[in-house]
K.L.:
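Just passing along the structure, written as structure tokens.
These numbers come from the heavy atoms of this one structure, side chains and all, not from hydrogens, waters or symmetry mates. Index from 1, following the sequence.
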Amino acid sequence: MFGKRKKIEEPPIDWPDLLSLLEDDDRRSAVQMRFPTEHRESYLTAIRRVDSALVDDVLASGRKVHTAGKLINWPVVAIAGMLNSGKTSLVATYLSDAGRSRTLRGPSNSQGTHRFVLWLPCQWQEDEELWRLLLGRIGDAIGHPPEMLSEDPAKAHLQYNNHGGDVETLAIPLVATDERLNESGVGLLDCPDIVSDEAFGLGSPEIRRTLLGRASTLCSAFLIVTSVESSRDATLGDLLRIASDLMPGVPRMLAVNKIRPRQTPDQVFETFSPLAKAHGIETIYAAYDYDVPASRPFIPSADGLAKVALNLENDLLPVFYSVQANPDENPPAAIDEARMLEAMPSRLDRTVLFEKFRVALQSSLRLLIWNRGMACIEKDAEASNAATEKAQQCLLDAALEFFTHRQAGGEVIELRLHQSERIVRQLSESFAATAPWYARWGVRMNSRIRRVLGGAGDFVRQLTPSAMAQRTASEIKEKFRRGEYGGLVTPDSLNFAIDRYGGTIALPHWFESEMGADISCLTECSEAAISRFERDDFTSLDPRRLDEAVRQMWGEVPMHKKLVAGLTPLAAVLAAFGGVLMIPIDFGTTVIASASIPELFAAMGLAALSAIWAGKANTRNVGQQAAKQQLVDFHAVLCDTFGVNRPAKPTTIKVAQSKVTLPLSQIIRRDAFGPTLPVYHAREEFKVELKSRLPL
């Protein structure tokens, strides 16, 4: 009847289905928390964590889309015509008694329609928020916020007629609601006379035409009401051209009113067909003059097909139906209910008013969910990863402060070993097992003196490895304390190193409060980190490679160095190793001594051994491999303790002008000592799922 249905601009959004996706915190969740625990968050939960107000906006926008989706099948029809052609009477056929009383009908200009009046189903007003948006949509379309039509019929008539108004008032649309439109399922735009005489002072035809063009954006169809005498009227031709220009692609219909029975319905069709064909009129409706008794055969009876209030004594209304070329298909023959003008709404395409309104609401929802919400989630996830990387770097820099040997300019020349009991025992056993005869003789001599003299006297104690270790420990302790050799990690020095590398910014979960972090709590955390590493560090040297390196070192010692060593080089070496183990006795258990093997030799005055060990790649690499593992393990312990996620990929640092890739930590994971810095990841699976329900 009305040709091809217009293509919907975009498919409707199923809000309940979309909401279930946004609330899903399992398989379809939007966010994966990677640290401190592994769990998933729904889209709404993630947004609420970052911007709780945005959640309210998304839910409100979704409710609007859902509510508006129920209204999109309600068409709005623009009804226009010439002065006193019966436009408002046609509108009244769809209204209740109360609604009809508010319409203005009559033959004189004082009873003409000079304002746009939009009649809508009263149920649309039940949703206050939606109604407010709807009025805004109407106002945006026509150019001025609408005004409500008074419930008082007398006042409503004055508004209809623009009584006491001016040209500007014409552009302010009137909005009214009626309960009977709930049943008929249609909105009606009662238009003022487009070709009204400007002499009335109520706007020129050009002004009215412009306003009709704006109002047409609200409508699904355009119905022009005329009289049978106007078939050759140039004014009707102008009106049809205006409709064609203003509403291209919108179904246009012609309603011929007040037909006298001397013309049969097929003759009416024949009369207006050329005009309809010329101006793209899809359907011709006809209504016979009910004041003429002879018209009765051409007015469909109210036998269940069309129930129109023809029996009202004071408010008779026209009955419109589509006419056909075949006389046998028109009254007085029975006609199908679908041909009645009342049935027109069911034949119309989706209303432009609500289609555009729905599209606008969906666009707003899409903007909230994708451009704001999803962008907010991704930005937060990126920020969490960036913050974690910054915190990791801060803690790595702090670890490097103790586990690297640097030149005066700060360049790292080698890594330092945590001189744990395991490492010291390996070094001692390897040096003792591979030592040449002259080094071993010194140890045997000391043992013999102890047996003969009973170990009595300061002189003898100075010759024994234990006494030498005690003296060496005191010397090394002072050198470590002064920072001449090796590194000592204490809670205070660790706090200082973290602060030096920007801990107040890099560890926001510790320093985000206005008061900052409690220094005593930080110290406890540093103590916990040192204790954990001391307890959990099981790094060891490769025994085979260690023995080979030590043999090589003994073989490199020149003969004169052997003699200068005083026949006790092994005793001195073992004393140095033992001295390192004695350092925590003076500093306490929460201290880590770190030093490279060459640094240990240098600290005890064995410069020759230090140079030999550092100068050979084979010997140098033995300690460096273990040192790399200890460095990343200490870094991992710092991350765990300070509530920072460990690095997922190997880190590269610069050592002696070369790039060194550190291995991943193998040390056991433990819970954070205090607050944690969470890490989030926006799941691509969710974005794919969201895109299927809410395309970009």
Side-chain angles (χ1 to χ4, degrees), residues 389-420 423 476-507 510-511 517 519 522-534 537 539 580 583-584 587-588 590-600 602-603 623-624 626-642 644 646-647 651-663 665 667 673:
E389 290 177 2
K390 191 171 185 177
Q392 290 170 348
Q393 187 62 48
C394 169
L395 297 178
L396 177 61
D397 289 338
L400 290 171
E401 188 79 1
F402 306 103
F403 281 80
T404 58
H405 183 200
R406 301 172 186 264
Q407 288 183 336
E411 179 186 348
V412 176
I413 58 175
E414 61 181 345
L415 300 179
R416 286 170 171 166
L417 273 169
H418 166 219
Q419 297 298 328
S420 64
I423 294 293
I476 291 179
K477 178 187 66 177
E478 291 303 317
K479 292 177 180 179
F480 271 61
R481 183 196 297 275
R482 293 193 299 267
E484 296 176 9
Y485 298 97
L488 282 181
V489 188
T490 66
D492 289 339
S493 66
L494 182 55
N495 286 349
F496 180 80
I498 292 174
D499 180 67
R500 177 182 177 184
Y501 290 104
T504 54
I505 298 175
L507 303 175
W510 278 90
F511 296 92
I519 189 64
L522 274 177
T523 301
E524 290 179 13
C525 186
S526 295
E527 289 176 351
I530 293 171
S531 297
R532 287 182 182 185
F533 181 71
E534 185 68 43
D537 176 26
T539 303
V580 172
I583 290 178
F587 284 92
T590 53
V591 63
I592 296 174
S594 62
S596 66
I597 296 174
E599 279 188 293
L600 286 179
Q624 291 296 285
K628 288 193 289 186
Q629 189 64 56
Q630 287 182 327
L631 171 61
V632 296
D633 285 345
F634 183 64
H635 182 222
V637 167
L638 290 181
C639 289
D640 290 352
T641 311
F642 282 90
V644 178
R646 294 183 181 185
T651 304
T652 300
I653 61 174
K654 195 172 183 180
V655 179
Q657 298 299 319
S658 299
K659 290 185 178 180
V660 175
T661 300
L662 303 176
S665 175
I667 205 164
F673 180 82

K.L.:
Within a strict 4.5 Å, meaning less than it, do heavy atoms of the Gln657 and Glu411 side chains meet?
P.N.:
yes
K.L.:
Return the minimal non-hydrogen interatomic distance between Pro647 and Gln392, and the atom names on each side.
P.N.:
N-NE2, 3.3 Å
K.L.:
Would Leu522 and Ile498 count as a side-chain contact (heavy atoms from CB on, under 4.5 Å) if you check the C-alpha gap in whole Å, the side-chain angles of each, and the deciding distance to 0.1 Å?
P.N.:
CA-CA 10 Å; Leu522 274 177; Ile498 292 174; over 6 Å; no
K.L.:
Testing the basics here: between Val660 and Lys628, what is the closest heavy-atom pair and its distance to 0.1 Å?
P.N.:
CG1-CD, 3.3 Å
K.L.:
Quick one about His418 and Glu534 (side-chain donor to acceptor, distance below 3.5 Å, no hydrogens or angles considered), yes or no?
P.N.:
yes
K.L.:
So do Val412 and Leu400 actually touch side chain to side chain, heavy atoms under 4.5 Å?
P.N.:
no
K.L.:
Could you tell me if the side chain of Thr651 sits less than 4.5 Å from the side chain of Val632, heavy atoms only?
P.N.:
no
K.L.:
Please report the shortest heavy-atom distance between Ala506 and Cys394, naming the atom on each side.
P.N.:
CB-CB, 3.6 Å
K.L.:
So, taking the atom named CG in Asp633 and the one named CG in Leu662, what distance separates them when rounded to the nearest 0.5 Å?
P.N.:
10.5 Å
K.L.:
How many angstroms lie between CG in Leu631 and CG in Leu396, if you round to the nearest 0.5 Å?
P.N.:
6.0 Å
K.L.:
State which residue, out of Arg416, Lys479, Gln419, fulfils the side-chain hydrogen bond (donor to acceptor under 3.5 Å, both in side chains) condition with Glu599.
P.N.:
Arg416
K.L.:
List the atom of Tyr485, the atom of Ala602, and the distance in Å for their closest heavy-atom pair.
P.N.:
CE2-CB, 3.6 Å
K.L.:
Determine yes or no for a side-chain-to-main-chain donor-acceptor pair under 3.5 angstrom, with Thr404 supplying the side chain and Arg406 the backbone.
P.N.:
no
K.L.:
Check for a donor-acceptor pair, side chain of Thr641 on one end and backbone N or O of Phe673 on the other, with a separation under 3.5 Å.
P.N.:
no
K.L.:
So Glu401 and Asp397, side-chain contact (heavy atoms from CB on, under 4.5 Å) or not? Walk me through it.
P.N.:
CA-CA 6 Å; Glu401 188 79 1; Asp397 289 338; over 6 Å; no
K.L.:
So which atom in Pro598 and which in Glu414 form the shortest heavy-atom distance, rounded to 0.1 Å?
P.N.:
CG-OE1, 4.0 Å
K.L.:
Val489 and Ile530: which non-hydrogen atoms are nearest, and at how many Å?
P.N.:
O-CD1, 3.6 Å
K.L.:
To the nearest 0.5 Å, what is the distance between SG on Cys639 and CG on Leu395?
P.N.:
5.0 Å
K.L.:
Mind running side-chain hydrogen bond (donor to acceptor under 3.5 Å, both in side chains) on Gln630 and Thr539 for me, showing each step along the way?
P.N.:
CA-CA 7 Å; Gln630 287 182 327; Thr539 303; 4.7 Å; no
K.L.:
Around atom OH of Tyr501, are there more than 12 heavy atoms of other residues, nucleotides or ligands at under 6.0 Å?
P.N.:
yes
K.L.:
Drop me the distance from Cys525's SG to Ile519's CD1, to the nearest 0.5 angstrom.
P.N.:
11.0 Å
K.L.:
For the backbone of Phe403 and the side chain of Ser594, can you confirm whether one donor and one acceptor N or O come within less than 3.5 Å of each other?
P.N.:
no
K.L.:
Taking the side chain as C-beta and beyond, is there a heavy-atom pair between Ile592 and Asp537 under 4.5 Å?
P.N.:
no
K.L.:
Determine whether Leu417 and Leu600 make a side-chain contact, defined as any pair of heavy atoms from C-beta on separated by less than 4.5 Å.
P.N.:
no
K.L.:
For the pair Phe533 and Phe634, name the ring-plane relationship: parallel under 30°, tilted 30 to 60°, perpendicular over 60°.
P.N.:
perpendicular
K.L.:
Would you mind reporting whether Ser493 and Leu488 have side-chain heavy atoms less than 4.5 Å apart?
P.N.:
no
